Amino acid sequence: MPALTLREVLALDPVRASEPELLAGEAALDRPVRWVHSSEVYEGANFLDGGELLLTNGFGLTDTAAEIRRRYVRELAARGASGLAVEIGRSLPTMPPEVTDEARRLGLPLLALHRVVPFVRITEAANRAIVARGLSGRSVVRPWGDDHTAALLADLADRAALNQPEVEARSALAGFHPGPGARLIGVSVHGAHEVSSVDRAVRLLGGASVLRAAFPGDVLALLALPGAVSGDPIRAVQEAFRTAADPGLTVAVGHVVDASSGWLRWSDTLRAARTTLELALTVPAAEPAAPEGPLVTSARALALERELTRGGVDANRDRLARLVQHALGPLLAWEAAHPSDLVRTLEVHLRHGCSPTRTAALLHIGRQSLYQRLERIESLLGLEIDDPDLLGELLAAVCAHRVVRGMGAAQVRGLRTVA
């Protein structure tokens, strides 16, 4: 059976409920759709592998120059996207004419969605239909293998309507048998086209089992670590992926949950890994990254970012701006007039327990230079950095500043992180 087409995706109930209007690309409605994503960042085109339908609520298309909008459409077409669907009405009153013109010129299907339907409903319905079509299209003499595993992982990650006996039966069919006392950890890998990095990490962990599958541009995995293994399981998984994952990949590790805690908890760790991956891809890191190798992070490492962006940056933008200005106003005014790295220095220092040795090493500066920066920060803010009563507010403020500044105006309005 052939792959699901864009025309068939448009016939799905959640998509029809959004009242889609085709503005361009009618001749390409029968092209296959490999997956449906939602993203608001302009760089989202770089994360596509071809064949994806991209959903956007339009935040990233407001207050930008016409040529930037045209370039956005060109980049999507160059990456082989199957189409672009834009929500009209809330942030974007009408479709920008240059977007329509460029889509028509390139033959890229462009949809205006005139009613608000949560994107999660659209992506869940479409991607489940895509997976189901892939399963039904295979010969019954072939093993289910990764296809069945992909369907189960997608259902868990999207918190589809499941029950414990069903999850256990489908896990067993996929060869996933967490033993007594096993601890489960969700992992999401961006940039990988196959599961070899996950398999190598599992071998390094020794005794771990895994449920894993490759999706367009990403790999999703649920690792089961034996309960008898001592030490910090999150750190162990991160170290395994730092060794096993290819350079350029981004790896996000979720929470630890007991295998016996039920399928909703299995879903929680997978969703935490996916949310963390989105943040890792869209929010600049707090500290200097390793020059080579993969970027490996965890839900707990980005816990503050997750809380600050709960519900989306745009929904919290004013609150974050007030927090930043209240706590860091004089420091920001100084940086605006004197090129420096004081805010970043403050955040690295706070994140590492105000240790001068660790901070200086991470920033690649001498301790004397660090002391001069810290004295300048304290002088500008009129406070002592290591005052316990101030640590929480200052750390939240520098993190919020990094989130907002790093995204840029268009990206800030588009981040849709939901923990």
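This structure is a prediction, so every number in the text was calculated from the model and none was measured.
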Salt bridge or not for [X] and [Y], using N-O below 4.0 Å?
{"X": "Asp101", "Y": "Arg69", "result": "no"}
{"X": "Arg70", "Y": "Glu98", "result": "no"}
{"X": "Arg402", "Y": "Glu305", "result": "yes"}
{"X": "Arg16", "Y": "Asp13", "result": "yes"}
{"X": "Glu75", "Y": "Arg79", "result": "no"}
{"X": "Glu347", "Y": "Arg344", "result": "no"}

Any side-chain donor paired with an acceptor under 3.5 Å for [X] and [Y]?
{"X": "Thr250", "Y": "His190", "answer": "no"}
{"X": "His326", "Y": "Glu393", "answer": "yes"}
{"X": "Ser188", "Y": "Arg274", "answer": "no"}

Restricting to non-hydrogen atoms, name the atom on [X] and the atom on [Y] that form the minimum distance, rounded to 0.1 Å.
{"X": "Gly191", "Y": "Asp218", "answer": "N-OD1, 4.5 Å"}
{"X": "Ile234", "Y": "Asp232", "answer": "N-OD1, 3.0 Å"}
{"X": "Ala182", "Y": "Pro178", "answer": "CB-CB, 4.0 Å"}
{"X": "Ala221", "Y": "Val210", "answer": "CB-CG2, 4.1 Å"}
{"X": "Leu113", "Y": "Ala85", "answer": "CD1-CB, 4.0 Å"}
{"X": "Ser209", "Y": "Phe176", "answer": "OG-CE1, 3.8 Å"}

Report yes if the side chains of [X] and [Y] come closer than 4.5 Å at any heavy-atom pair, otherwise no.
{"X": "Ser298", "Y": "Thr276", "result": "no"}
{"X": "Arg212", "Y": "Leu220", "result": "no"}
{"X": "Glu52", "Y": "Val36", "result": "no"}
{"X": "Leu54", "Y": "Leu76", "result": "yes"}
{"X": "Leu110", "Y": "Leu22", "result": "no"}
{"X": "Thr297", "Y": "Val253", "result": "no"}

Self-check item: Test applied, side-chain hydrogen bond (donor to acceptor under 3.5 Å, both in side chains); reference residue, Thr359; option that passes from His349, Arg351, Arg373
Solution: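 Filter result, single survivor: His349.
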
Output yes when a side-chain donor or acceptor of [X] lies under 3.5 Å from a complementary backbone atom of [Y], and no otherwise.
{"X": "Glu102", "Y": "Arg74", "value": "no"}
{"X": "Ser355", "Y": "His352", "value": "no"}
{"X": "Thr123", "Y": "Phe119", "value": "yes"}
{"X": "Ser18", "Y": "Val15", "value": "yes"}
{"X": "Ser171", "Y": "Val167", "value": "yes"}
{"X": "Ser369", "Y": "Ile365", "value": "no"}
{"X": "Thr269", "Y": "His255", "value": "yes"}
{"X": "Ser340", "Y": "His338", "value": "yes"}
{"X": "Glu335", "Y": "Val343", "value": "yes"}

Practice problem: Run the numbers on Arg170 and Glu166 for salt bridge (Lys or Arg N to Asp or Glu O under 4.0 Å), then give the verdict. | Solution: CA-CA 6 Å; Arg170 293 172 66 183; Glu166 177 188 356; 3.1 Å; yes

To the nearest 0.5 Å, how far apart are [atom1] in [X] and [atom2] in [Y]?
{"X": "Leu53", "Y": "Leu6", "atom1": "CG", "atom2": "CG", "value": "6.0 Å"}
{"X": "Thr100", "Y": "Met95", "atom1": "OG1", "atom2": "CE", "value": "5.5 Å"}
{"X": "Leu173", "Y": "Thr149", "atom1": "CG", "atom2": "OG1", "value": "8.0 Å"}

Quiz item: Is the count of non-hydrogen atoms from other residues, nucleotides or ligands lying under 6.0 Å from Gln164 atom CD greater than 12?
Solution: yes

Quiz prompt | Over 12 non-hydrogen atoms of neighbours within 6.0 angstrom of CZ in Arg319 | solution =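 Enclosed: over 12 neighbouring heavy atoms sit under 6.0 Å from CZ of Arg319.
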
Practice problem: Would you sort out whether Arg104 and Glu26 count as a salt bridge (Lys or Arg N to Asp or Glu O under 4.0 Å), showing the intermediate values? | Solution: CA-CA 9 Å; Arg104 288 173 177 168; Glu26 183 177 359; over 6 Å; no

Practice problem: Please test Asp268 against Arg271 for salt bridge (Lys or Arg N to Asp or Glu O under 4.0 Å), starting from the C-alpha separation and ending with a verdict. | Solution: CA-CA 5 Å; Asp268 285 343; Arg271 291 166 68 86; 5.4 Å; no

